[in-house]
2 protein chains.
Amino acid sequence: MARQRKHNTEEMINMALVAAENLIIGGGLSQLSGRKVSAEIGYSVGSLYTVFENLDDLILQVNGRTLDAMRDAMLSALEGCETPEKCIKAMAYAYVEYACLNNGLWTAVYEHNLPKDTALPGWFAEKVDGMFLLVEMQLSSLQGLSQNKISEVAKTLWCGVHGICVLAATRKYEAANVAHVNPLVDGLITNYMAGIQLEIRGEKV
Amino acid sequence: MARQRKHNTEEMINMALVAAENLIIGGGLSQLSGRKVSAEIGYSVGSLYTVFENLDDLILQVNGRTLDAMRDAMLSALEGCETPEKCIKAMAYAYVEYACLNNGLWTAVYEHNLPKDTALPGWFAEKVDGMFLLVEMQLSSLQGLSQNKISEVAKTLWCGVHGICVLAATRKYEAANVAHVNPLVDGLITNYMAGIQLEIRGEKV
DNA sequence: GAGGTTAATTGAACACCGTTCAATAATCAA
DNA sequence: TTGATTATTGAACGGTGTTCAATTAACCTC
């Protein structure tokens with residue numbers, strides 16, 4: 001029979017992802033390297049390539065976990081919210097808070113781009129879509145919006161929230177904190193949703 | 001006297017930036033390297049470091065030129081527009097068009113992050129701010145908005161537009177084209193501005 | 001226990017990368 | 001022709017992602 005594994009595949013992947021996350025938290029995506037990760041988990045470089053296709057694969061899985069964590073934060077934020085708009089705002093605040101508090105991990109999600117010829121794997125796209133679906137769920141309890149419109153509104157709202165966070169992250173010195181970002185997010189959702197309500201009622205400004 | 005230069009500093013910088021842009025257009029930021037740039041312009045690697053501080057500096061200057069080009073596109077789009085809202089939409093469409101048509105260069109702007117301990121240079125931050133100022137200028141002809149509010153609205157709107165483009169760029173396969181993105185942008189501006197108009201008038205939905 | 005089979009793990013090798021800096025090359029003044 | 005000056009070079013350093021023959025450790029069989 002064959003040599004015994006020090007850890008099974010799942011354990012190894014998990015250890016590697018944790019090590020990678022710590023490197024990213026410590027110094028951003030640029031501080032991540034396969035050799036550092038492998039050294040951290042007590043394996044040689046080559047072993048990394050037995051559980052990951054390549055380093056892009058590893059990063060993608062780190063980012064997948066980050067998206068999961070954000071999703072969890074958003075779901076927790078839903079508890080006790082009253083109206084669709086308030087629920088969406090609660091999720092947006094949770095998103096902002098996560099992005100500000102876990103800046104390294106959050107930045108890695110959108111900083112990492114696959115080579116031009118490589119397609120984004122389906123499971124990753126689904127995680128991104130999942131966040132939009134959370135918003136859509138809230139919108140679906142509003143009367144007068146077609147499914148297409150709901151999908152459009154969710155995309156627009158969430159892209160807006162994300163864009164605001166991106167700007168805040170760029171301007172590290174002055175604006176990457178919840179207190180500064182939340183008012184913008186609040187204004188976006190309040191006013192955009194007001195416009196949508198008018199549209200539903202067929203009124204014009 | 002001293003040895004004669006093959007090109008003066010300005011020429012060298014320009015040649016290097018053009019070469020770098022072509023590399024980014026061809027295969028994204030990951031395909032850029034100092035050695036490739038220097039080979040392309042007929043210099044050795046070392047010479048690059050006589051006109052750029054390091055590779056981050058070079059990339060930052062490429063991104064600066066991209067921001068300039070986007071600004072130019074936005075200014076051109078302003079010709080003939082009638083109302084503030086229409087003018088903002090015209091600029092947004094120009095932004096979307098540039099991002100879709102010059103995806104490599106546009107992606108490089110937000111994909112590139114300086115190391116954690118390095119501050120974004122002032123001249124770069126100013127170029128970013130300049131785009132927000134273009135939006136603010138349009139808003140300033142609206143009655144009833146304080147300067148603070150104008151600044152907030154401009155940030156929110158433009159972050160929203162940017163966020164929508166980011167999502168489109170992520171989903172390369174289905175959505176990175178003007179026809180798909182413009183309706184979202186249009187809806188964002190229309191509805192958010194409707195909400196702002198209501199706020200000005202002190203009405204509620 | 002010895003030998004064989006199997007598969008996990010290694011680490012050296014390859015071709016690249018950013019960055020530095022002593023050495024070289026090219027120019028003009030004396 | 002020599003010296004001074006400065007633009008330019010390219011080898012060197014320590015890092016990177018990735019591959020893969022060689023090694024190692026486990027078990028089964030004899």
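Residue numbers start from 1 in every chain, and the chains themselves are labelled A, B, ... in the order their sequence lines are given, proteins ahead of strands. Any value given below was found using the heavy atoms of this structure, including those in side chains, with hydrogens, waters and symmetry copies removed.
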Asker: Please state whether the sulfur gamma atoms of Cys81(A) and Cys87(A) sit closer than 2.5 Å to each other.
Answerer: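 Cystine link detected, SG atoms below the 2.5 Å cut.
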Asker: Quick one: which of dT18(D), dT9(C), dT8(D) gets closest to the side chain of Asn54(A)?
Answerer: dT18(D)
Asker: Checking contacts here: which listed nucleotide (dT10(C), dT24(D), dT20(C)) is nearest the side-chain heavy atoms of Tyr49(B)?
Answerer: dT20(C)
Asker: Ignoring the backbone of Ser33(B), work out which of dC27(D), dG18(C), dT9(C) is nearest its side chain.
Answerer: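 Nearest listed nucleotide: dG18(C).
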Asker: Tell me which nucleotide among dT19(C), dT27(C), dT18(D) gets nearest to the side chain of Leu55(B).
Answerer: dT19(C)
Asker: Expressed as a whole number of angstroms, how long is the span from Lys36(A):NZ to dT18(D):P?
Answerer: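 In whole Å, dT18(D) P and Lys36(A) NZ are 16 Å from each other.
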Asker: Any N or O donor-acceptor pair linking the side chain of Arg5(B) to the base of dT27(C) at under 3.5 Å?
Answerer: no
Asker: More 5' along DNA chain D: His7(B) or Arg35(A), using each one's nearest nucleotide?
Answerer: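 The answer here is His7(B).
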Asker: Report yes or no: is there a donor-acceptor pair, N or O only, under 3.5 Å between the side chain of Arg3(B) and the base of dA7(D)?
Answerer: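 A donor-acceptor contact between them is present.
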Asker: How long is the line joining CD of Gln4(A) and C1' of dC27(D), in whole Å?
Answerer: 10 Å
Asker: Would you say that Leu60(A) contacts Leu114(A) through its side chain, given a criterion of any heavy-atom pair below 4.5 Å between the two side chains?
Answerer: yes
Asker: So what does Ser47(A) touch, heavy atoms closer than 4.0 Å: a base, only the sugar-phosphate, or nothing?
Answerer: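 If one applies the 4.0 Å heavy-atom cut-off, Ser47(A) turns out to touch a base.
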Asker: Whole-Å distance between dC17(C) P and Leu32(A) CG?
Answerer: 19 Å
Asker: Which heavy-atom pair separates Asn54(A) from Asp57(A) by the least distance, and what is that distance?
Answerer: OD1-N, 2.9 Å
Asker: Check every strand shown and say whether Ser44(B) touches a base, only sugar-phosphate, or nothing at a heavy-atom separation below 4.0 Å.
Answerer: base
Asker: Using distance alone, with no hydrogens and no angle criterion, decide if His162(A) and Tyr110(A) have a side-chain donor and acceptor under 3.5 Å apart.
Answerer: no
Asker: Could you state the atom-to-atom distance from CG of Leu48(B) to P of dT20(C) in whole Å?
Answerer: 12 Å
Asker: If you look at every strand shown and take non-hydrogen atoms under 4.0 Å, does Gly46(A) touch a base, only sugar-phosphate, or nothing?
Answerer: base
Asker: Check this one for me: any side-chain N or O of Lys6(B) less than 4.0 Å away from OP1 or OP2 of dT9(D)?
Answerer: yes
Asker: Does a donor on one side chain sit under 3.5 Å from an acceptor on the other, for Thr190(B) and Lys89(B)?
Answerer: yes
Asker: Without decimals, in angstroms, what is the distance between Leu23(A) CG and dG17(D) C1'?
Answerer: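 Rounded to the whole Å, the gap is 15 Å.
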Asker: In this structure, how many angstroms lie between the C1' atom of dT19(C) and the CG atom of Leu58(B), rounded?
Answerer: 14 Å
